[in-house]
Amino acid sequence: EAGVAQSPRYKIIEKRQSVAFWCNPISGHATLYWYQQILGQGPKLLIQFQNNGVVDDSQLPKDRFSAERLKGVDSTLKIQPAKLEDSAVYLCASSRDRRTEAFFGQGTRLTVV
Amino acid sequence: GQQLNQSPQSMFIQEGEDVSMNCTSSSIFNTWLWYKQDPGEGPVLLIALYKAGELTSNGRLTAQFGITRKDSFLNISASIPSDVGIYFCAGQLIGNEKLTFGTGTRLTIIP
């Protein structure tokens, strides 16, 4: 079974620029998560999808972050405009449903300079 | 956002030693998960616990779901070099399936 795929692996941008990350979850997984992991900390949930609907986006900075999962499969996370404090690893995870364990992708390391 | 408290924050051990770490929360959880993260990689699931008091093993790893539902423990026996990494606990709140992660325990093996 293929794992969660994310791209790109690394991205360096200047502050105030825009950036987008892509995630392809494990086939058949209805629940998709985006996490932000700042260096030295545990992952923090940004947004959770159930199929193509948002379940929880309470910790998503909506003034600059947006995410979509239009067909209930792939998802994109966008930051516009980026700030220095957005430098982190952005992890995508998926699970069969909301009550089962989540599997993570390798992440995208974002550096904002 | 809430994060679970893990201890110790870091551990320096010799190969072959046993390791114990724990995770505590002020909230009750109905599921506890333990993940390991290697540098440059995403977290990898090690063990999942679903019932209070449950004790589950995965090879040299053993984890327990605390009776109070507010804590969990992970033990690694006879550590080997590939055990090096950061271990995270994660819990799911009753009535809210959001996964909340701990602060992590960094394991280093001294040659």
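As the structure is a prediction and not an experimental result, all values here were calculated from the model. Residue numbering restarts at 1 for every chain, and letters A, B, ... go by the order of the sequence lines.
Within the structure, salt bridge (charged side-chain N to carboxylate O under 4.0 Å, His left out) contacts touching residues 43-64 of chain B (residues at least two apart or in different chains) are B:Arg60-B:Asp83.
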Handout entry: side chain to side chain donor-acceptor pair (under 3.5 Å) evaluation trace for B:Tyr50 with A:Glu101
Key = CA-CA 10 Å; B:Tyr50 300 103; A:Glu101 53 265 29; 2.3 Å; yes
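Of the atoms belonging to A:Ala102, heavy atoms from both backbone and side chain fall under 4.5 Å from chain B.
A:Leu45 is not connected to A:Tyr90 by any chain of hydrophobic side-chain contacts under 4.5 Å among Ile, Leu, Val, Met, Phe, Trp and Tyr, and they are in different clusters. A:Val73 is not connected to A:Leu32 by any chain of hydrophobic side-chain contacts under 4.5 Å among Ile, Leu, Val, Met, Phe, Trp and Tyr, and they are in different clusters.
Inter-residue side-chain proximity for B:Leu99 and A:Tyr35 is flagged as met; some heavy-atom pair is nearer than 4.5 Å. A heavy-atom distance below 4.5 Å is found between the side chains of B:Phe88 and A:Gln37.
No more than 12 heavy atoms of other residues, nucleotides or ligands lie within 6.0 Å of NZ in A:Lys71, so this atom counts as exposed by the packing criterion. Counted within 6.0 Å of CD on A:Gln80, heavy atoms from surrounding residues, nucleotides or ligands total 12 or fewer; the atom is thus considered open. The local environment of CD1 in B:Ile110 is crowded, with over 12 non-hydrogen atoms from other residues, nucleotides or ligands closer than 6.0 Å. Atom CG of B:Leu55 has more than 12 heavy atoms from other residues, nucleotides or ligands within 6.0 Å. In this structure, A:Gln17 places its CD atom where more than 12 heavy-atom neighbours from other residues, nucleotides or ligands lie under 6.0 Å away.
By a heavy-atom distance cut of under 4.5 Å, B:Gln37, B:Gly40, B:Glu41, B:Gly42, B:Pro43, B:Leu45 are the residues of residues 37-47 of chain B near chain A, going up by number.
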